[in-house]
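Everything on this sheet refers to the single structure shown next.
None of these values were measured; they are calculated from a predicted model. By convention in this document, chain letters (A, B, ...) are assigned in the order of the sequence lines, proteins followed by strands, and residues within each chain are numbered from 1.
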Number of protein chains: 2
Amino acid sequence: MFSKACEYGIRAAVYIAQQSGRGVRTGLKDIAEAIDSPEAFTAKILQQLSKNDLIQSSKGPTGGFEMTAHQLQTVMLSDVVRTIDSNLIYTGCGLGLANCDAQNPCPLHHEFMGIREQLKTMLETTAIRQLAESLESGAAILKR
Amino acid sequence: MFSKACEYGIRAAVYIAQQSGRGVRTGLKDIAEAIDSPEAFTAKILQQLSKNDLIQSSKGPTGGFEMTAHQLQTVMLSDVVRTIDSNLIYTGCGLGLANCDAQNPCPLHHEFMGIREQLKTMLETTAIRQLAESLESGAAILKR
DNA sequence: TTGGTAGCGGACAAATTTGTCCGTTTTCGG
DNA sequence: CCGAAAACGGACAAATTTGTCCGCTACCAA
Ligand code: FES
Ligand code: FES
């Protein structure tokens, strides 16, 4: 469904959101450990999220990653996915044709559209913060 | 969503089904041209479909690929997807955790399950033949 | 001021997926 | 029977994704 990079990105964002909710700034090492991801690779992904203003980063001792109150309020799952995987998931043709065109559809177009639309809606209406809350409450986990 | 190999596999299967519906056996070159895919790569994929009895192949002059009446009746989209991509699409965790476990879910588990279930149902209830019919009637295309 | 800490950024390496080549085998038509 | 046609199968090559390394830069605290 998503690329490995995107999966790490979502997990990392959720963890950062959880920690930020507690007022805690967290570092790369912590994050990689918490979400069970390769540290250096995760760093690259966090850079992307940071450059797109989905998270905040600071250097130096006591540095690390966090989400501002504003980011916690506004950053949606779709923002993370779009930043890392591009939004091709819901714009491209499911059968790999050059582009998806309802006027000239592939045989699966209609069947796909419904599901894709739902996926899109889900991503666009789910805030990272919501996911972080289910972590905080113990209802969900980020590694096993 | 699907791998390139799987996309080619579906497109090829649909084309073969359409031709078989007309009683025509079609060869690799025709297929690759009809679905706009790399010929040698498509050959590999057709071998997989053939070995799993989703399509029929025959060698020699006048050889090629076709689907039997029985295959036209029974082969579902899910069979093609499972053969090429494995059925991990609807068994794995959307966030990349080692496995999907409702008792110990990732934060996206509930949101995912609904969509994934629908995708699964769609794949399992759509026959390749149905897709071929929409091709035959001109309602859909396989390349652009 | 200075030393250490932590993210940044670019180059590199491994793994996987995608795609190609070519000799072999099977089969058909003449 | 013979030659050509077509799929088969294994080895190879290119591209993309995933993952690592390391020097650089910014920052904080003592
Ligand atoms: S044309 Fe293939 S999904 Fe729309
Ligand atoms: S645990 Fe992640 S999708 Fe079920």
Walking DNA chain D from its 5' end, the first of A/Gly63 and A/Cys6 to be reached, judged by nearest nucleotide, is A/Cys6
Based on the rotation axes of five pairs at each end, what angle does the helix from C/dT1-D/dA30 to C/dG30-D/dC1 bend through, to 10°? 10°
Can you pull out every ring pair (Phe, Tyr, Trp, His ring centres under 6.0 Å) where at least one residue sits in residues 113-141 of chain B? Sequence neighbours excluded, please. none
For residues 120-128 of chain B, dump all side-chain donor-acceptor pairs below 3.5 Å to protein atoms at least two apart in sequence or in another chain.
residue: B/Thr121; atom: OG1; partner: B/Glu117; partner atom: O; Å: 2.9
residue: B/Thr125; atom: OG1; partner: B/Thr121; partner atom: O; Å: 2.8
residue: B/Thr125; atom: OG1; partner: B/Met122; partner atom: O; Å: 3.4
residue: B/Thr126; atom: OG1; partner: B/Met122; partner atom: O; Å: 2.7

Indicate whether the side chain of A/Glu66 and that of A/Gln56 have a donor and an acceptor atom separated by less than 3.5 Å. no
First and last nucleotide of DNA chain D, 5' to 3', lying under 4.0 Å from heavy atoms of chain A: D/dT18 to D/dC28
Can you name the salt bridge (charged side-chain N to carboxylate O under 4.0 Å, His left out) partners of A/Glu111, sequence neighbours left out? none
Report yes if at least one side-chain N or O of A/Gln47 is closer than 4.0 Å to OP1 or OP2 of C/dG9; otherwise report no. yes
DNA chain C contacts among residues 50-60 of chain B, heavy-atom distance under 4.0 Å: B/Lys59, B/Gly60
Output all residues satisfying side-chain contact (heavy atoms from CB on, under 4.5 Å) with B/Thr74, sequence neighbours left out; order by chain, then residue number. B/His70
Going by the rule side-chain contact (heavy atoms from CB on, under 4.5 Å), which residues pair with B/Gln19 if we only count those two or more places apart in sequence or in a different chain? B/Tyr15, B/Arg22, B/Val24, B/Thr26
Close residues, residues 7-33 of chain A, relative to DNA chain C [heavy-atom separation under 4.0 Å]: A/Gly27, A/Leu28
Is there side-chain contact between B/Thr83 and B/Lys51, with heavy atoms separated by less than 4.5 Å? no
Please step through side-chain contact (heavy atoms from CB on, under 4.5 Å) for the pair A/Met1 and A/Glu7, ending with a clear verdict. CA-CA 9 Å; A/Met1 186 77 94; A/Glu7 290 174 357; over 6 Å; no
Let me see the working for A/Met67 and A/Ile16 under side-chain contact (heavy atoms from CB on, under 4.5 Å), right down to the final yes or no. CA-CA 7 Å; A/Met67 287 177 77; A/Ile16 293 169; 3.9 Å; yes
Is the shortest heavy-atom distance from the side chain of B/Arg25 to the side chain of B/Thr62 under 4.5 Å? yes
Within residues 34-46 of chain A: residues closer than 4.0 Å to DNA chain D (heavy atoms): A/Pro38, A/Ala40, A/Phe41, A/Lys44
Could you pull out the closest heavy-atom pair between A/Ile35 and A/Tyr8, with the gap in Å? CD1-O, 3.7 Å
Mind checking whether A/Arg11 and B/Leu97 have side chains closer than 4.5 Å, heavy atoms only? yes
Residues B/Glu33, B/Lys29: salt bridge by 4.0 Å N-O rule: no
Taking ring pair (Phe, Tyr, Trp, His ring centres under 6.0 Å) as the cut-off, I'd like each qualifying pair that reaches into residues 114-144 of chain B, sequence neighbours left out, listed once. none
I'd like a table of donor-acceptor pairs (distance under 3.5 Å, sequence neighbours excluded) in which one partner is a side-chain atom from residues 38-46 of chain B, with atom names and distances.
residue: B/Thr42; atom: OG1; partner: B/Ser37; partner atom: OG; Å: 2.6
residue: B/Thr42; atom: OG1; partner: B/Pro38; partner atom: O; Å: 2.6

